[in-house]
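The next block holds one structure in the form of C-alpha cells; read it before the comments.
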Amino acid sequence: MKKVRKAVFPVAGLGTRFLPATKAIPKEMLTVVDRPIIQYVVEEAREAGIEHFIFVTGRNKAAIEDHFDVQYELYDTLAKRGKEEVLSKLRSQQPEAGEISFTRQQEPLGLGHAVWCARELVGDEPFALLLPDMIMRAQKSCMKGMVELYEQTGENVIAVEECDPAETGKYGIVEAGDTTAGGGFEIVGMVEKPKPADAPSNLFINGRYILQPEIFDILATQERGAGNEIQLTDAMFKMRDTQKLHGYRYKGETYDCGTPEGFIEANIAFALERPDLADKVREMLKARLT
Ligand code: UTP
C-alpha cells in the first residue's frame, strides 16, 4: 500500500460569498484570529504526516504563494529588532524548500476540475484533498484519523460528520453501507443537497478526502454536472465500479469558513482558546449580549 505523502488544496474559487473582501484578497487569506484560514488547513495536513503541499490557485491568489514563502526583509528586520519569539514562530511554520508546489486552474470550472489540474503534481499515488474553507478542531485531527483508517483499508477514504437532519439540503449526503475495517463504513450512495425527506442519512461530506490517482482518469472525461461545473462527487461515485469508498466518521468541531457565519464563529471559538485573548473576548461578548 502506498503512503499518503501529498495533499492538494484547491484554492481557485471566486469566494463570491465574501465579496467585496475577496475582490483583491483570496478568501483563504482571510484571518481567523491571527492566521489565515489556509494555514490552519496546511497545519492539519502536516500533523497527518503530509510531506508535499500542492495548491491549485487562480488569478488574484498570489498572496497565498507569498504567505508560504520566506520574507527575507521581514525576517531580517525582526532579527535586528530582537523579536526572536515571533521570528521563531514564523520560521517553524515555514515550509521547507521544495515541499510546496503551485499550479493554476485557469477558469473556475468546479472542484472536480480543480482537482484534475493537480494530476501531474500528484502522479501515480494516493493523495489527501483538503477543502480550505473548512477549519477543523479536534483532539486528533480529521486528516490524521483518515490516514490511520486508510492504512487499514487502502482504497479511498471520505470524511463525514452528522448534520441537523433538517439541514441536509446544504450538503453532500452519503448513504452508509456495511462497517469496514478500522471502524469505517462503506459508502454506497451519495446525494447532493437532498431535501430532508429524500436524504439517505444525515452524514455529510465535510471536505476531507483520501483518493486514489484513478480519479484523474475519471475527471478527464467527466461531463459537467450541477451548476454547470465538473463535480468531484460524480467522479468519486464512478470510482465505486472498481474500488471502495470508505466513510470516516469525524468527531470534532468544524467551522465552514466559506460562509460569513461560520467564519465569525471560527474567530470567536479560536479567540476563546487563546490565553491572552480569552478573558477579554468573553467580557466583550457578555457586554454585547446583555
Ligand atoms: P466553493 O464553491 O465553496 O468556493 O468551493 P468558492 O467558489 O470559492 O466560493 P463561493 O461559493 O463563490 O463563495 C469549495 C472549494 O473549492 C475550490 C474553492 O477555492 C474552495 O476552496 N474551488 C471551487 C476551486 O478551486 N475551483 C473551482 O472551480 C471551484
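Just so you know, ligand 1 is whichever comes first in the structure, and atom 1 is the first atom listed for that ligand.
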Given ring-ring contact (aromatic ring centres under 6.0 Å, His included), test Tyr40 with Tyr255 step by step and report yes or no. CA-CA 11 Å; Tyr40 289 89; Tyr255 301 94; 9.5 Å; no
Considering residues at least two apart in sequence or located in another chain, which fulfil the side chain to side chain contact (heavy atoms under 4.5 Å, CB included) criterion with [X]?
X: Asp69; answer: none
X: Ala114; answer: Pro10, Val56, Gln105
X: Glu175; answer: Val188, Pro200

For the residue pair Phe9 and Phe55, categorise the inter-ring angle as parallel (less than 30°), tilted (30 to 60°) or perpendicular (more than 60°). parallel
Would you mind checking if Glu161 and Arg208 are paired as a salt bridge, meaning a charged N to carboxylate O distance below 4.0 Å? no
Protein neighbours of ligand 1 with a heavy atom under 4.0 Å, given by chain and number, are Pro10, Val11, Ala12, Gly13, Leu14, Gly15, Thr16, Arg17, Lys27, Glu28, Gln105, Pro108, Leu109, Gly110, Leu111, Ala114, Pro132, Asp133
